[in-house]
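Right, one structure below, let's go through it.
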Amino acid sequence: MAIQFNFVSSMLILVLLSISSVEGQGGGGGGVIDVVAKFGAKADEKTDLSKPLLDAWKEACASTSPSKIVIPKGIYFLSTTTLDGPCKAPIELQVQGTVKAPADPGAFKEPKWIAFNRIENFKLFGGGVFDGQGTTAYKREGCKGHDYCGSLPINLRFDFLTNAMIQDITTKDSKQFQANVLGCKNITFEHFTVSAPDESPNTDGIHIGRSDGVNVLNSEIKTGDDCVSIGDGSKNLVINGVTCGPGHGISIGSLGLFKNEEPVEGVTVKNCTMTNTSNGVRIKTWPGAEPGTCSNIHFEDITVTNVSSPIIIDQK
């Protein structure tokens, strides 16, 4: 009987191995992927999170069923990463810990730190913090006259995403824009927190360009530039329940600097509070601007306290 039992056990092991192999070949997967438990990420503030996160993303992206990647509580160091789609099924990234960028601006070859690119049905959430460690980059001459500011990394880039939710996430002390949205369709920021000092230059909270259906809801933005800035080609935007300050307010523009800019259409800013900002809501275009249009704009229920220009439409 013992020999028969061992033989049956061996057969079971072979069958399980076979099933595992087939699942691996066909994508399969799904479920919860913990970057610490499965891929050896370390919350020691020095071991680079980049490879464990990319390995987890590769597995989730290949899965034919929904996946969730988890970055547990703790403080992690991340040099830089780009998480690319398209993927085979929806993906959630649950960030519970704090992820820190290199403090040295010279560590970046491109103007981005963390980028999400060409993904459908994506959710980023979890109460975590993305710390750009940008305070050393703020101590410099002004941005005019050279391209230093434009070459600095953006904390979070969302490029060409469709149906995305960014919820209960904090971005702080980015060296340039806190979050940049480009070419997205149906993306919502909810309970999104931006934290940077008043003296941080060119650190727009959320910059939106050439995107359709962007919602910024019930969020708190403290920064050294526009709390939300809206570039050309943006349409069907809703900004509701945003608290802004310090910062430069909520701005459409600047528009008209480049040829063939796309129209800005359908922007609603409502139920927002501006405190200790240079502006409230504004539309700004360049003098002698290239032709363009900005239409169907609604500013409603805006509360301003200690704001220099509550509403300003300025072509210079």
Side-chain angles (χ1 to χ4, degrees), residues 50 77-83 95 98-117 124 128-161 166 169-184 187 189 192-211 214 216 219-234 242 244-255 257-258 277-279 284:
S50 179
F77 168 76
L78 175 63
S79 56
T80 183
T81 193
T82 298
L83 303 177
V95 180
T98 296
V99 182
K100 286 190 172 184
D104 180 9
F108 296 88
K109 295 179 180 179
E110 296 180 274
K112 60 182 180 180
W113 176 34
I114 300 170
F116 302 90
N117 183 45
L124 172 64
V129 178
F130 293 95
D131 184 354
Q133 296 209 91
T135 51
T136 56
Y138 306 152
K139 301 171 183 177
R140 60 178 189 266
E141 297 178 4
C143 295
K144 294 180 180 179
H146 55 78
D147 61 0
Y148 179 71
C149 289
S151 66
L152 290 168
I154 293 166
N155 257 17
L156 300 171
R157 286 200 64 112
F158 303 97
D159 297 330
F160 308 103
L161 270 58
I166 317 301
I169 287 292
T170 296
T171 171
K172 63 173 293 191
D173 296 341
S174 180
K175 297 174 178 67
Q176 204 199 144
F177 294 170
Q178 303 283 344
N180 190 84
V181 177
L182 175 66
C184 291
I187 179 171
F189 293 81
F192 186 70
T193 302
V194 172
S195 177
D198 187 22
E199 66 273 13
S200 58
N202 208 35
T203 53
D204 295 30
I206 304 173
H207 177 74
I208 302 163
R210 305 206 173 197
S211 296
V214 181
V216 183
S219 295
E220 182 179 16
I221 302 176
K222 300 178 179 181
T223 192
D225 210 302
D226 293 327
C227 289
V228 180
S229 57
I230 300 163
D232 80 294
S234 300
V242 170
C244 170
H248 295 177
I250 294 174
S251 298
I252 298 171
S254 300
L255 302 175
L257 179 61
F258 303 104
T277 58
S278 54
N279 304 290
K284 52 179 180 170

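Just so it is clear, the structure is predicted and the values come from calculations on it, not from any experiment. Computed over heavy atoms, backbone and side chain alike; hydrogens, waters and symmetry mates excluded.
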Exercise. Is a side-chain N or O of His248 found less than 3.5 angstrom from the main chain of Gly224, in a donor-acceptor match?
Worked result: yes

For this session: Starting from the C-alpha separation in whole Å, work towards a yes-or-no answer on side chain to side chain contact (heavy atoms under 4.5 Å, CB included) for Phe258 and Asp232.
Result: CA-CA 10 Å; Phe258 303 104; Asp232 80 294; over 6 Å; no

For this session: Report the residues that fulfil side chain to side chain contact (heavy atoms under 4.5 Å, CB included) with Ser174, sequence neighbours left out, ordered by chain and then residue number.
Result: Asn155, Gln178

For this session: Can you see which heavy atom on Cys227 is nearest to which on Pro246, and at what distance?
Result: SG-O, 4.2 Å

Seminar exercise, completed: Of all heavy-atom pairs linking Ser79 and Pro102, the shortest is O-CD, 3.5 Å

Exercise. Between the side chain of Thr203 and the main-chain N/O of Ser200, is any donor-acceptor distance below 3.5 Å?
Worked result: yes

For this session: Quick one: pull up CD1 in Ile208 and CG in Asn180 and give me the separation to the nearest 0.5 Å.
Result: 9.5 Å

Problem set entry | Over 12 foreign heavy atoms within 6.0 Å of NZ, Lys284 | yes

Exercise. Considering residues at least two apart in sequence or located in another chain, which fulfil the ring pair (Phe, Tyr, Trp, His ring centres under 6.0 Å) criterion with Phe158?
Worked result: Phe116, Phe189

Seminar exercise, completed: Nearest heavy-atom contact between Asn279 and Thr277 is O-OG1, 2.7 Å

Problem set entry | Main-chain N/O of Lys175 paired with Trp113 side-chain donor or acceptor, under 3.5 Å | no

Exercise. Heavy-atom distance under 4.5 Å between the side chains of Asp131 and Asp173, does that happen here?
Worked result: yes

Problem set entry | Nearest-0.5 Å distance that lies between atom CZ in Phe160 and atom CD1 in Ile187 | 12.5 Å

Problem set entry | Separation of Ile154 CD1 from Ile114 CD1 (nearest 0.5 Å) | 12.5 Å

Exercise. Which pair of non-hydrogen atoms, one from Gln176 and one from Pro111, has the smallest distance, and what is that distance?
Worked result: NE2-CB, 4.3 Å

Exercise. How many angstroms lie between CD1 in Ile252 and CD1 in Ile230, if you round to the nearest 0.5 Å?
Worked result: 4.5 Å

Exercise. Distance from Lys222 atom NZ to Thr193 atom OG1, nearest 0.5 Å?
Worked result: 9.5 Å

For this session: Please report the shortest heavy-atom distance between Gly253 and Ser229, naming the atom on each side.
Result: O-CB, 4.4 Å

Exercise. Under 3.5 Å, side chain of Ser211 to main-chain N/O of Gly183, donor-acceptor pair present?
Worked result: yes

Problem set entry | Spacing of His207 atom NE2 and Asp226 atom CG [to the nearest 0.5 Å] | 9.5 Å

Exercise. For the side chain of Thr80 and the backbone of Phe108, is there at least one donor-acceptor N/O pair under 3.5 Å apart?
Worked result: no

For this session: Looking only at non-hydrogen atoms, find the nearest pair between Thr136 and Pro105 and report the distance.
Result: OG1-CD, 4.1 Å

Problem set entry | Residue from Val216, Leu124, Thr171, Thr170 passing side-chain contact (heavy atoms from CB on, under 4.5 Å) with Phe192 | Thr171

